Amino acid sequence: MDELFQNHDPTDSRGEDARGLRVLRLIEHLASASQPMTLSQLAFRMQVPKATMMRTLDSLERHGYVLRTSVDRGYVPGAAANNLAVTALRNNAFVRSCRATLGKLVGLTGETCNLTMQEGNVVVYVDRVETDEPLRLHLLPGTRAPIHCTASGKLFLSRLTLLEQRRLLSMMPLKRLTPKTITDPALLEAELNRIAKRGIGIDDQEFVLGMVAVAVPICAADGRILAAVACHAPVARKSVDQLMDYIPKLEEAGLKLQPVLTG
């Protein structure tokens with residue numbers, strides 16, 4: 001992103017600091033927004049000329065830090081920004097705290113538990129602790145999964161407005177991964193409405209045949225969802241109803257992780 005800072009006096013340290021912070025604040029605005037933000041909105045929020053904001057956005061887009069949506073020409077965080085966020089979260093202090101909390105949860109449930117975050121139209125497994133049981137679904141931290149058929153993914157979708165749900169889902173194929181994957185937009189909309197009312201994400205063999213999962217949200221003080229704590233198991237060992245019995249434990253783990261995520 002060197003071109004973001006070209007044509008300026010290198011001795012002007014205060015100017016350089018301001019420009020560096022401007023880029024970080026811009027990405028922060030996009031990350032906290034509930035829907036794509038337009039050029040005009042960003043320029044107004046940050047009190048900079050549209051031409052300056054356009055040059056900054058163009059450079060960030062070339063480097064993958066922002067993504068321009070095709071629907072309304074708004075901007076959202078790009079893959080590079082999301083990868084940076086995940087990398088920052090996976091520093092040693094975060095990993096120690098997360099592993100300790102998830103490890104205790106695995107001890108209580110006997111099943112694999114995950115910390116997940118939304119990245120556009122996918123779910124990212126930020127961290128996870130595996131069960132010792134031989135029959136399990138092995139996924140490495142950093143793995144991305146579809147948002148429309150996972151417990152965490154449907155939970156994230158359920159927290160969006162109906163307009164936001166439809167906009168996001170219109171930009172992706174509702175791929176059928178198992179016979180139970182919901183691919184009809186109307187049926188998925190009804191499912192998301194049920195999840196919104198319960199506040200619990202459920203995957204009943206929709207992502208992987210023979211695997212079920214539940215997820216609960218981790219929210220910021222303003223109610224915005226930051227991440228999710230999920231637990232999954234093979235149906236040979238646990239049913240969805242049995243996993244639901246662990247919801248209070250998942251919620252306790254979420255409360256412990258909330259201050260770690262908000263810093």
Side-chain angles (χ1 to χ4, degrees), residues 25 27-37 76-77 81-82 84-91 93-106 108-109 113-129 141 144-169 188-189 191-203 213-232 243-263:
R25 285 184 58 237
I27 295 175
E28 188 178 69
H29 278 304
L30 294 177
S32 61
S34 60
Q35 59 187 19
M37 296 186 70
V76 296
N82 290 318
L84 178 62
V86 172
T87 301
L89 285 174
R90 288 186 55 77
N91 64 62
F94 174 81
V95 168
R96 285 196 300 271
S97 178
C98 187
R99 288 285 168 84
T101 301
L102 291 179
K104 183 177 180 181
L105 192 57
V106 171
L108 293 170
T109 64
C113 295
N114 315 289
L115 176 69
T116 62
M117 297 181 73
Q118 181 182 356
E119 182 182 293
N121 61 2
V122 298
V123 171
V124 181
Y125 291 90
V126 178
D127 208 352
R128 60 191 274 114
V129 174
R144 287 159 172 76
I147 200 168
H148 69 289
C149 59
T150 50
S152 296
K154 291 193 293 179
L155 181 62
F156 292 133
L157 284 172
S158 75
R159 301 296 290 252
L160 301 177
T161 66
L162 184 57
L163 179 62
E164 291 164 352
Q165 286 178 17
R166 290 175 175 174
R167 179 188 288 119
L168 182 59
L169 293 174
L188 182 56
E189 194 173 292
E191 167 75 350
L192 295 178
N193 186 50
R194 287 191 293 270
I195 289 174
K197 291 178 179 178
R198 300 179 73 175
I200 300 167
I202 296 174
D203 165 16
V214 295
V216 300
I218 303 176
C219 298
D222 60 4
R224 178 170 48 91
I225 188 168
L226 301 171
V229 178
C231 178
H232 65 244
L243 287 185
M244 291 290 287
D245 291 338
Y246 299 130
I247 291 299
K249 299 300 182 184
L250 268 67
E251 291 174 337
E252 288 178 17
L255 289 175
K256 291 180 181 178
L257 290 171
Q258 194 263 2
V260 179
L261 290 169
T262 57

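Bear in mind that the values here come from a model prediction, so they are computed numbers and not experimental data. Side chains included, hydrogens not; waters and symmetry mates left out as well; all remaining heavy atoms used.
- No side-chain heavy atom of Glu251 sits less than 4.5 Å from a side-chain heavy atom of Leu255.
- Between Ala145 and Thr150, the shortest heavy-atom distance links the atoms CB-CG2, 4.0 Å.
- If you take OG1 on Thr109 and CG on Leu250, they are separated by 7.5 Å, rounding to the nearest 0.5 Å.
- Minimum interatomic distance between Gly201 and Leu155 (heavy atoms only, all atoms of both residues): N-CD1, 3.9 Å.
- Between the CZ atom of Arg144 and the CD atom of Glu119 there is a distance of 4.0 Å, given to the nearest 0.5 Å.
- When all heavy atoms of Leu157 and Leu169 are compared, the pair lying nearest together is CD1-CD2, 4.1 Å.
- The only member of Thr161, Leu163, Leu162 that meets side-chain contact (heavy atoms from CB on, under 4.5 Å) when paired with Gln165 is Leu162.
- Contact of the Phe156 side chain with the Thr116 side chain is registered, since non-hydrogen atoms from C-beta on lie closer than 4.5 Å.
- Using a distance-only test at 3.5 Å, with no hydrogens or angles considered, a donor-acceptor pair links the side chain of Gln118 to the main chain of Gly120.
- Contact of the Leu102 side chain with the Cys113 side chain is registered, since non-hydrogen atoms from C-beta on lie closer than 4.5 Å.
- Of all non-hydrogen atoms in Val123 and Gly153, the two that sit nearest each other are CG2-CA, 3.3 Å.
- Here the shortest heavy-atom pairing between Leu257 and Ser97 reads CD2-O, 4.4 Å.
- Arg198 meets the salt bridge (charged side-chain N to carboxylate O under 4.0 Å, His left out) test with no other residue; sequence neighbours excluded.
- Counting heavy atoms from C-beta outward, Leu30 and Val76 have side chains that stay 4.5 Å or more apart.
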Using atom types as modelled, flag every donor-acceptor pair under 3.5 Å from a side chain in residues 213-232 to any protein atom, sequence neighbours excluded.
unit_1 : atom_1 : unit_2 : atom_2 : d
Asp222 : OD1    : Arg224 : N      : 3.0
His232 : ND1    : Asn114 : ND2    : 3.3

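- Between Met244 and Ile247 there is a side-chain heavy-atom pair separated by less than 4.5 Å.
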Would Asp203 and Lys154 count as a salt bridge (Lys or Arg N to Asp or Glu O under 4.0 Å) if you check the C-alpha gap in whole Å, the side-chain angles of each, and the deciding distance to 0.1 Å? CA-CA 8 Å; Asp203 165 16; Lys154 291 193 293 179; 5.9 Å; no
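- The CD1 atom of Ile147 sits 5.5 Å away from the CG atom of Leu168 when rounded to the nearest 0.5 Å.
- We find the CG-SG distance between Leu261 and Cys98 to be 8.0 Å, quoted to the nearest 0.5 Å.
- Between the CD1 atom of Ile202 and the CD1 atom of Ile195 there is a distance of 6.5 Å, given to the nearest 0.5 Å.
- A distance of 10.5 Å separates CG of Asp127 from OG1 of Thr101, quoted to the nearest 0.5 Å.
- Scored by the salt bridge (charged side-chain N to carboxylate O under 4.0 Å, His left out) test, Glu28 finds no partners at all (sequence neighbours excluded).
- Contact detail for Arg99 and Arg128: the closest heavy-atom pair is NE-O, 3.8 Å.
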